[in-house]
Structure formats: structure tokens, C-alpha cells
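First the proteins, then the strands, lettered A, B, ... as listed; each starts at 1.
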Protein chains: 2
Amino acid sequence: MRSPEELTIAFRRAGLKVTPQRQLLFRLLHDNSSHPTADSLHSAATTVMPGISLRTVYQTLTDLAEMGELQSIEVGSGSLRFDPNVSDHHHAVCDGCGDVHDVYVSKAPVLRGLDDFSVSDAHIVYRGQCGACSALVATK
Amino acid sequence: MRSPEELTIAFRRAGLKVTPQRQLLFRLLHDNSSHPTADSLHSAATTVMPGISLRTVYQTLTDLAEMGELQSIEVGSGSLRFDPNVSDHHHAVCDGCGDVHDVYVSKAPVLRGLDDFSVSDAHIVYRGQCGACSALVATK
DNA sequence: ACCTTATCTGCATCAATTGCTAATTAGCAA
DNA sequence: TTGCTAATTAGCAATTGATGCAGATAAGGT
Ligand SMILES: [Mn+2]
Ligand SMILES: [Mn+2]
Ligand SMILES: [Zn+2]
Ligand SMILES: [Zn+2]
């Protein structure tokens, strides 16, 4: 995702308005690698701007996704997560704390059983334990 | 997933009862490679046994999953899909018709960016077009 | 400063799933 | 067979995540 300044220009160019709510979300999302949910973003936004609506958070996230500034991913946590990192990567989910980490794979694996199917995209979700959670279990 | 006959024995052994509803679901799931949702299973069940409750379908699916007889997968279609194929495999989802196909991967890809994370499982979701949908587009 | 149009908020709605409970029934034992 | 008891069912309420809707508001070009 581009910087708040660049997004401001991009939004105006697209005929969209740049509101204080959107500027705040631009800032909260920029360089955010936590893969937040709409709800967690709303919580974070509320501490800075009390009264901001969850509906507006969803709306802005949808706009950003449509502009290709972020992607939404589904890792089985019940709710959608938003990712300003739009590079080609995958995700590792900790079964202990639920945190989502970025993962990069060297090359796409070879497939079997896919006659007559043209693949346009692949997404891998790894599950396991992060370092912190492994340490916790070890000391118990 | 094992056969309806074997499941009958397994359920009894586990202190669970084998009801007509459950037997029907055993049959509908056995060798079913369509990755059905709870709702689609309920529809199929209803044609044979009118009045069977969606709640009962969910309950039985949960029981079977807890016994390891089936797995539930999430491929971004909004609802959970159930898979009596519990072998180690992955899935290809057609963006045209939504159908889910089994995929087998030769070997796990090499990772980067995962220091300090112990992976216990990996699931790959491929997206693209199935043969039928590709053909449709071509003839249009 | 003004005007048009996009946006915001609050609330209703929706879809998938789970919680709850009275009535029913499977399956074991007498 | 019959009876007993715990498991199950069906139906409905509740929950969660997300989207639809509309009147009030405000961005930003003129
Ligand atoms: Mn990511
Ligand atoms: Mn499968
Ligand atoms: Zn963790
Ligand atoms: Zn298809």
C-alpha cells in the first residue's frame, strides 16, 4: 500500500474524497504488518477519533481493496483480515496467539490431479506455533 | 471417511447413537468429493428425509469432524465446506462455478521469512478456471 | 462563498453458525 | 418384550461478521 500522501492524491484523482476518517485509516494501515481485522482497526481508530463508525472502516477498506492498495485474506479466524502488503506472499498463522506472519516461498510446488484447470493464483496458509508461544509452552 | 457400516460401529463404540438422520448423512457423505456445505447437504438430505433439521446436519458434521472422519475447509466461499477425504491434499477453486477440486502436491515448498515458527500444517488454495468454465468462455 | 456529490453515521438486514431446551428415541438391561 | 435413561432431534433464539439503506453532513471544484 502506498503512503498516506500518495493515497490522498490517488483518491482525489479517482473522484473520491479525502476525509479525516480516511486519512486516519491510511495512517493506521501504512506499514502495518499485523493483518488487522475491520474490528481491530476500528478499535485503534476510535482511540484517536472517538465516534468513527465501523461502517466507515469497512467502506474505506473496500475502497482500498478495489484500488488494489490492499488485499483481504481469509485464514480461518472467522473474520476477514486486511493486508497492505500486496506483494506475492503467503501466511503463517499461530494456533496459540492467532498472529499472522508473512511468508515467502521460493517457487510454486508441482501439482498432481489438476488436468484441465488453469491456475491463476495460489495462497498457502501455514499453521503452527510462533516463537513466543513455543517459549510459553516450554516454560510451563 | 469410513463406510456407513464402519461408522455405525464407531459411533456406538464412542457412546453415540446411530439415528436415521445420521445414517442418511453417512451415506450422503461417503465417497462424496463435492466438498459440500452444511446447507447443500441439508438440501440433499431433505429430498430423502423431509423434516430433517439443518441443526442436526451441523451437529453430525461436527461429530464426524471431532472423530477425524472428515475435515472442514475454508476456501473463501463464505461458508465452511466439509471433506470426507482426510488424506493430505489441497484444493483448487474455480472462480467461474465455485466448484472445489482435490489437488495433490509433490512436496512442500521451501520457505523464507519463518524464523522461529514451527509449522504443523499447510493448506494451499489454488484459484482459477475449471475445464468446463474455460470452455464456456471460449465459445462465447 | 456556493453547489454538487461523495461520504458518514446509525440502524436495519442478512447469512452462517452456535446455544438452548422440551419432546423424542436409541440401545442396553431386566 | 418392556422399561429406563442418556443421547438426540427439531425448532427457535442468539451471535457474529458483513452489507444495505437513507438522511444529515462535508469535501472540494467553481
Ligand atoms: Mn501478509
Ligand atoms: Mn478435498
Ligand atoms: Zn503465537
Ligand atoms: Zn468452473
Side-chain angles (χ1 to χ4, degrees), chain A residues 4-5 7-26 28 35-43 45-46 48-67 70-83 98 100, chain B residues 4-5 7-26 28 35-43 45-46 48-67 70-83 98 100:
Chain A
E5 294 73 29
L7 288 175
T8 295
I9 296 172
F11 264 59
R12 295 231 174 92
R13 236 200 284 275
L16 303 176
K17 293 175 177 174
V18 178
T19 64
Q21 290 88 345
R22 283 179 175 174
Q23 293 177 66
L24 171 57
L25 290 168
F26 292 170
L28 290 177
H35 303 87
T37 63
D39 204 64
S40 71
L41 265 176
H42 178 240
S43 295
T46 299
V48 177
M49 183 186 290
I52 185 173
S53 165
L54 175 60
R55 191 67 186 82
T56 297
V57 174
Y58 271 110
Q59 185 59 55
T60 300
L61 288 170
T62 300
D63 291 337
L64 286 166
E66 278 176 0
M67 294 174 70
L70 56 75
Q71 61 172 321
S72 58
I73 60 173
E74 169 61 62
V75 294
S77 56
S79 43
L80 270 184
R81 312 195 70 131
F82 296 88
D83 192 348
V100 179
Chain B
E5 293 72 29
L7 288 176
T8 295
I9 296 171
F11 264 57
R12 294 233 173 89
R13 237 200 283 276
L16 302 176
K17 294 176 175 173
V18 178
T19 65
Q21 290 88 342
R22 282 178 175 174
Q23 294 179 63
L24 171 56
L25 290 169
F26 293 170
L28 290 176
H35 304 87
T37 63
D39 204 64
S40 70
L41 265 176
H42 178 240
S43 295
T46 298
V48 177
M49 184 186 288
I52 186 173
S53 166
L54 175 59
R55 190 69 184 82
T56 297
V57 174
Y58 271 109
Q59 185 59 56
T60 300
L61 288 169
T62 301
D63 292 337
L64 285 166
E66 278 175 1
M67 295 174 70
L70 56 76
Q71 61 171 323
S72 58
I73 60 173
E74 170 62 63
V75 294
S77 56
S79 42
L80 271 184
R81 313 196 68 132
F82 296 88
D83 193 348
V100 179

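- Between the NZ atom of K17(B) and the C1' atom of dA26(C) there is a distance of 5 Å, rounded to whole Å.
- In the set dT7(C), dG27(C), dA18(D), dA18(D) carries the atom at the smallest distance from any side-chain atom of L80(A).
- In this structure, the side chains of P20(B) and M49(B) come closer than 4.5 Å at one or more pairs of heavy atoms.
- Between R81(B) and L54(A), the residue anchored nearer the 5' end of DNA chain C, judged by the nucleotide with its closest heavy atom, is L54(A).
- Atom CG in L64(B) sits 10.5 Å away from atom CD in Q59(B) (nearest 0.5 Å).
- Summarising the geometry, atom CZ belonging to F11(A) is positioned 5.5 Å from atom CZ belonging to R22(A); distances are rounded to the nearest 0.5 Å.
- At whole-Å resolution of the value, OH in Y58(B) and P in dC12(D) are 17 Å apart.
- Nucleotide dG29(D) holds its C1' atom 16 Å from the CZ atom of R13(A), rounded to whole Å.
- Nearest nucleotide to the S53(A) side chain, out of dT9(D), dT18(C), dT9(C): dT9(C).
- Comparing G78(B) and Q59(A) against DNA chain C, the residue whose closest nucleotide sits nearer the 5' end is Q59(A).
- Within the nucleic acid shown, T56(A) comes within 4.0 Å of at least one base atom, counting heavy atoms only.
- Without hydrogens or angle criteria, T8(A) side chain to P4(A) main chain gives a donor-acceptor distance under 3.5 Å.
- Of the possible polar contacts, none joining the T60(A) side chain to the V57(A) backbone as a donor-acceptor pair under 3.5 Å is found.
- Distance CG (L16(B)) to C1' (dA6(D)): 12 Å, rounded to an integer number of Å.
- Between T19(B) and dT9(D), a side-chain N or O to OP1/OP2 separation shorter than 4.0 Å is present.
- Summarising the geometry, the separation between CZ on F11(B) and C1' on dT8(D) is reported as 12 Å, rounded to the nearest angstrom.
- You won't find any donor-acceptor pair under 3.5 Å spanning the side chain of R12(A) and the base of dG29(D), going by distance alone.
- When the P atom of dT7(C) is taken as reference, atom CG of L61(A) falls 14 Å away, rounded to whole Å.
- Under the Watson-Crick or G-U wobble criterion, with both distances below 3.5 Å, dA6(D) is paired with dT25(C).
- Nearest to the side-chain atoms of R22(B) among the listed nucleotides dT9(C), dT9(D), dA6(C) stands dT9(D).
- What separates CG of L24(B) from P of dA10(D) is a distance of 11 Å, to the nearest Å.
- Note: CD (E74(B)) to C1' (dT17(C)) measures 12 Å, nearest angstrom.
- Comparing atom distances between the Q21(A) side chain and each of dT9(C), dA27(D), dG27(C) picks out dT9(C) as nearest.
- You'll find that the side chain of R55(B) is closest to dC20(C), out of dA26(D), dA7(D), dC20(C).
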